[in-house]
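A quick write-up on the structure given underneath.
Just so you know, these numbers come straight off a predicted model, no measurement behind them.
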Amino acid sequence: TRSEIKRQKFIENQKFKPHYFKLSEAAKRFLGKRYRINAEERTTRELILELKSCNISDQLCEEWRNIFEEMDVVKFTDSIPEQDPALSLDERLSKLVARSNL
């Protein structure tokens, strides 16, 4: 959950990979439950294709794609995110989750 991730202080300790991995995993768990799909084992590309088959709006799919691609860069490369996007990631995901629950 968000509170557990915040308690681990990944951002404050400059541990971006674990922060991004944990948030990505949480987002995939949410999508899996919300749309009854096997989201956790999917790549971003596979996940977006699956979401599109769930009759989600193109705009919402695009927003999920953008945020997962942003997380993938940090998770799978040596890239260090800018401070503002890293700090706002959980908030941006929360807003996307809320819109996905409508």
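- Salt bridge present: Arg99 and Glu63 bring a charged side-chain N and a carboxylate O closer than 4.0 Å.
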Decide yes or no on side chain to side chain contact (heavy atoms under 4.5 Å, CB included) for Glu4 and Lys22, but give the supporting numbers first.
CA-CA 10 Å; Glu4 291 170 16; Lys22 293 283 188 187; over 6 Å; no
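- The six-membered or imidazole ring of Phe21 lies away from that of Phe10, with a centre-to-centre distance of 6.0 Å or more.
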Walk me through it: do Lys6 and Glu12 pass the test salt bridge (charged side-chain N to carboxylate O under 4.0 Å, His left out)?
CA-CA 10 Å; Lys6 282 185 178 186; Glu12 293 91 328; over 6 Å; no
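- The CD1 atom of Ile5 lies 7.5 Å from the CG atom of Asp90; values are rounded to the nearest 0.5 Å.
- We find the OG1-CG distance between Thr77 and Asp72 to be 9.5 Å, quoted to the nearest 0.5 Å.
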Decide yes or no on side chain to side chain contact (heavy atoms under 4.5 Å, CB included) for Glu40 and Glu25, but give the supporting numbers first.
CA-CA 7 Å; Glu40 294 180 59; Glu25 290 165 1; 6.0 Å; no
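- More than 12 heavy atoms of other residues, nucleotides or ligands sit less than 6.0 Å from atom CG of Asn13.
- Rounded to the nearest 0.5 Å, atoms SG (Cys61) and CD1 (Ile56) are 5.0 Å apart.
- A donor-acceptor pair under 3.5 Å is formed between the side chain of Lys28 and the backbone N or O of Arg42.
- Around atom CG of Asn55, no more than 12 heavy atoms belonging to other residues, nucleotides or ligands sit under 6.0 Å away.
- Looking at Lys17, its side chain does come within 3.5 Å of a backbone N or O of Val74 through a donor-acceptor pair.
- Tracing side-chain contacts under 4.5 Å through hydrophobic residues (I, L, V, M, F, W, Y), one reaches Ile80 starting from Leu23; they form part of the same cluster.
- Although no hydrogens or angles enter the test, the distance criterion places no donor-acceptor pair under 3.5 Å between the side chain of Ser88 and the main chain of Glu91.
- Side chain to side chain, Thr44 and Trp64 fail the donor-acceptor criterion of an N or O pair below 3.5 Å.
- In summary, Arg92 and Glu70 engage in a salt bridge, as defined by a charged side-chain N under 4.0 Å from a carboxylate O.
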Could you walk me through whether Leu51 and Ile37 satisfy the side chain to side chain contact (heavy atoms under 4.5 Å, CB included) test, starting with their C-alpha distance in whole Å, then the side-chain angles of each, then the deciding distance to 0.1 Å, before giving a yes or no?
CA-CA 8 Å; Leu51 287 175; Ile37 59 175; 3.8 Å; yes
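- In this structure a side-chain-to-backbone donor-acceptor pair under 3.5 Å is missing from Lys75 to Phe68.
- To the nearest 0.5 Å, the span separating CD1 on Ile48 from CZ on Arg65 amounts to 7.5 Å.
- We find the CG-CG distance between Asp84 and Leu89 to be 12.5 Å, quoted to the nearest 0.5 Å.
- Linking ILVMFWY residues whenever their side-chain heavy atoms come closer than 4.5 Å, directly or via other members, places Tyr20 and Phe30 in the same cluster.
- Closest approach of Ala39 and Gly32 over heavy atoms only: CB-N, 3.7 Å.
- Other residues, nucleotides and ligands place more than 12 heavy atoms under 6.0 Å from the CG atom of Leu87.
- To the nearest 0.5 Å, atom CG of residue Leu31 and atom OG of residue Ser100 are 6.5 Å apart.
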